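Let me begin by presenting the structure, written as structure tokens, before commenting on it.
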Number of protein chains: 2
Amino acid sequence: MTKPQVARGRADQGTLSRRERVREATLAEIKAIARRHLVEHGPSGVSLRAVAREMGMTAPGLYRYVSGIDALLIAITADMFDELADAVAAADASVPEEDTDRRILTSLRAFRTWAIDHRSEFAVMFGPRARLDPNADITPGLAAARRFAATFYTLFDRLLVERRFALPDRAQVTPDLDRELRSFAERCGFSAPHIPVEAVMVLTSCWVRLYGVVCMEVFDHMSIVMGDLEPLFEAELRAVLTDLGVRYEPPGDTSPSTIGTPD
Amino acid sequence: MTKPQVARGRADQGTLSRRERVREATLAEIKAIARRHLVEHGPSGVSLRAVAREMGMTAPGLYRYVSGIDALLIAITADMFDELADAVAAADASVPEEDTDRRILTSLRAFRTWAIDHRSEFAVMFGPRARLDPNADITPGLAAARRFAATFYTLFDRLLVERRFALPDRAQVTPDLDRELRSFAERCGFSAPHIPVEAVMVLTSCWVRLYGVVCMEVFDHMSIVMGDLEPLFEAELRAVLTDLGVRYEPPGDTSPSTIGTPD
DNA sequence: CGCTTTAGTGAACACCGTTAGCAAACACTG
DNA sequence: CAGTGTTTGCTAACGGTGTTCACTAAAGCG
């Protein structure tokens with residue numbers, strides 16, 4: 001139907017035809033502008049007409065590229081998850097491979113930093129789906145979201161095999177919880193023979209704690225009552241890591257044997 | 001200017017004049033309809049025109065009662081905080097006054113229950129301010145929000161004076177954190193001579209954990225990967241309460257000496 | 001060259017928030 | 001009672017939104 005059977009100029013080599021290239025480019029432009037409107041005017045400030053206007057086009061023209069405003073939002077959400085995954089992965093990779101402790105610390109801080117540097121994006125990604133149909137198809141973003149989570153799975157798995165922390169009592173995992181945790185682990189790609197449900201429970205619990213602080217900070221609810229939430233995040237981070245048997249270091253510490261980037 | 005100096009029929013006794021009464025009534029109707037639209041069509045489904053239409057009025061007419069859509073949203077948000085505060089307070093009051101443990105358990109469960117029974121409302125109250133000006137005046141809701149929090153302050157204070165849990169090391173409270181925690185405690189009405197900052201830290205930490213699970217559940221992010229998040233909330237609740245030295249009981253338990261409501 | 005596919009436009013429909021001006025209903029005063 | 005000022009709600013209008021449809025112009029292909 002919509003499959004383009006034209007433009008097979010050099011399609012043999014996997015090269016895109018001229019048409020496909022320019023198409024890809026305008027789609028990228030659309031998403032870029034929409035993204036900018038998102039950060040500049042908030043989630044409600046993204047509109048097809050405004051994007052089109054800025055491109056020197058009319059709104060209906062965009063329907064050749066995007067099936068509607070919802071699809072556009074979903075598409076840029078997927079891109080943002082990709083970006084976040086990149087940011088976290090980069091932070092992880094910036095630390096020596098063997099230094100699990102600092103890799104975790106750095107990755108988690110990268111998550112928070114990205115979140116507060118991209119508040120509007122975070123709101124769309126992790127907040128309520130205020131603008132979208134509840135039954136919209138959000139599969140485009142799922143792969144990126146999984147990639148984002150994967151970084152943490154890998155690190156957490158290392159803690160697990162190194163037996164850094166004591167697993168909680170199996171008795172604490174009620175049948176209901178057990179079922180849900182298994183579902184989570186399996187559908188998220190965090191299931192392996194050596195991973196017990198208790199470990200999955202610890203993982204989710206830790207994630208919930210940090211997610212909670214970041215939400216609180218990004219959604220800006222405490223601002224009347226508390227100026228800066230970074231200390232709170234650090235405290236929570238410290239607590240979580242300590243529970244996991246991971247060495248915590250305060251933010252400023254560039255510490256020994258590492259390249260000095262004093263800024 | 002806008003102060004109504006008319007209608008002083010029986011104003012001496014504090015009774016509202018006929019005009020004020022009908023005005024109050026239509027304002028209430030506006031908010032009620034807006035509220036229904038919120039729960040039925042989500043946050044983006046609230047519009048002045050639709051409300052007016054349903055009332056048999058035109059949109060500009062509503063401007064006699066509400067200064068715009070933002071003010072309307074803020075007003076119903078305040079109402080919702082009031083409702084939530086009532087729900088939590090009622091849950092708290094449904095338990096014998098001396099039974100601190102179960103009062104806490106019940107109040108916190110009431111919070112979650114209210115949240116998942118009122119997803120759209122929760123999104124507006126605790127999610128990102130997607131639709132509002134960041135610098136909008138949200139004072140109307142503040143009092144209600146404080147009232148909501150107050151229930152938990154009271155209960156937490158009892159744990160504190162009963163020395164139910166060990167306070168963390170003072171060393172863990174960095175100067176930055178200390179400053180923020182004091183600001184929080186003071187501006188929230190949770191400061192008293194006998195309350196150390198370490199206690200405030202514990203309080204916020206506990207709150208963050210439960211807020212995190214509830215956000216996750218209401219914002220519906222895990223749904224692809226985990227069907228029901230209640231077991232997760234219960235696990236987190238159990239962990240939090242255990243840390244606080246509070247007796248945890250699984251949900252179904254109506255336990256001895258209490259009225260049996262087996263449904 | 002002709003033919004097909006695609007990109008983009010303009011007009012239109014149905015919404016939205018908000019402002020301005022105006023007419024009727026109301027409440028109080030002389 | 002009539003007179004007067006306030007309150008209420010309307011219509012009209014402006015500018016914004018998403019979306020559909022019919023249509024033209026261009027690009028690509030054989």
Side-chain angles (χ1 to χ4, degrees), chain A residues 1-12 15-27 29-30 33-34 37-38 41-74 130-133 136, chain B residues 1-12 15-27 29-30 33-34 37-38 41-74 130-133 136:
Chain A
M1 274 303 183
T2 335
K3 201 79 160 290
Q5 66 262 26
V6 267
R8 280 310 174 102
R10 343 190 109 68
D12 312 326
T15 318
L16 290 86
S17 74
R18 163 169 171 73
R19 218 174 203 165
E20 282 168 330
R21 263 183 299 137
V22 53
R23 186 182 173 77
E24 208 92 355
T26 50
L27 180 58
E29 188 186 356
I30 291 172
I33 296 178
H37 289 188
L38 170 65
H41 311 114
S44 59
V46 183
S47 81
L48 286 179
R49 288 193 120 110
V51 170
R53 201 179 309 133
E54 189 164 327
M55 296 179 64
M57 282 180 63
T58 59
L62 297 189
Y63 279 77
R64 299 279 175 199
Y65 300 90
V66 170
S67 67
I69 184 70
D70 282 23
L72 177 55
L73 287 177
I74 291 174
R131 240 184 120 170
L132 260 54
D133 263 346
Chain B
M1 272 307 182
T2 335
K3 200 80 161 291
Q5 68 262 25
V6 266
R8 279 308 176 102
R10 339 190 112 70
D12 311 327
T15 318
L16 289 86
S17 75
R18 163 172 172 72
R19 223 172 201 167
E20 283 167 331
R21 262 183 299 136
V22 54
R23 185 182 174 77
E24 209 91 355
T26 49
L27 180 58
E29 188 186 356
I30 292 172
I33 296 178
H37 288 188
L38 170 64
H41 311 114
S44 60
V46 183
S47 81
L48 286 178
R49 290 193 120 110
V51 170
R53 202 179 309 133
E54 189 164 328
M55 296 178 65
M57 282 182 63
T58 59
L62 297 188
Y63 278 77
R64 300 284 175 199
Y65 299 89
V66 170
S67 67
I69 184 68
D70 281 22
L72 176 55
L73 287 177
I74 291 173
R131 241 184 119 169
L132 259 54
D133 263 346

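What you see is a predicted model, and the numbers here were worked out from it, not measured in a lab. Naming convention: chains lettered A, B, ... in sequence-line order (proteins, then strands); numbering from 1 in each chain.
With B:Val66 as reference, B:Leu72 is the one residue of B:Leu73, B:Ile74, B:Leu72 to meet the side chain to side chain contact (heavy atoms under 4.5 Å, CB included) rule.
Of the side-chain N and O atoms in A:Tyr63, none sit less than 4.0 angstrom from OP1 or OP2 of D:dT20.
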Identify all side-chain donor-acceptor contacts of residues 41-52 of chain B below 3.5 Å with residues at least two apart in sequence or on another chain.
residue, atom, partner, partner atom, Å
B:Ser44, OG, A:Ala130, O, 3.4
B:Ser47, OG, B:Ala50, N, 3.0

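Between the CD atom of A:Glu29 and the C1' atom of C:dA7 there is a distance of 14 Å, given to the nearest Å. For the pair B:Ile69 CD1 and C:dC16 P, the computed distance is 10 Å after rounding to whole Å. In this structure, NE2 of B:His41 is placed 13 Å from P of C:dC15, rounded to the nearest angstrom. When rounded to the nearest whole Å, the span between CZ of A:Arg21 and P of C:dA7 equals 15 Å. For the pair A:Leu48 CG and D:dT20 P, the computed distance is 11 Å after rounding to whole Å. Straight-line distance from the CD atom of B:Glu24 to the P atom of D:dT7: 15 Å, rounded to whole Å. A:Glu20 places its CD atom 10 Å from the P atom of C:dA7, with the value rounded to the nearest Å.
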Annotated protein contacts, base or backbone, on nucleotides 8-16 of chain D with a non-hydrogen cut-off under 4.0 Å, one of B, S, - each
BBSBBB---
If you apply the rule side-chain contact (heavy atoms from CB on, under 4.5 Å), what do you find for B:Thr26 with B:Met57, and how did you get there?
CA-CA 11 Å; B:Thr26 49; B:Met57 282 182 63; over 6 Å; no
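Smallest separation of non-hydrogen atoms from A:Tyr65 and A:Ile30: CB-CD1, 3.7 Å. Of all heavy-atom pairs between B:Glu54 and B:His37, the closest is OE1-NE2, 2.7 Å. For the residue pair A:Met55 and A:Glu29, the shortest heavy atom distance occurs at CE-OE1, 3.4 Å.
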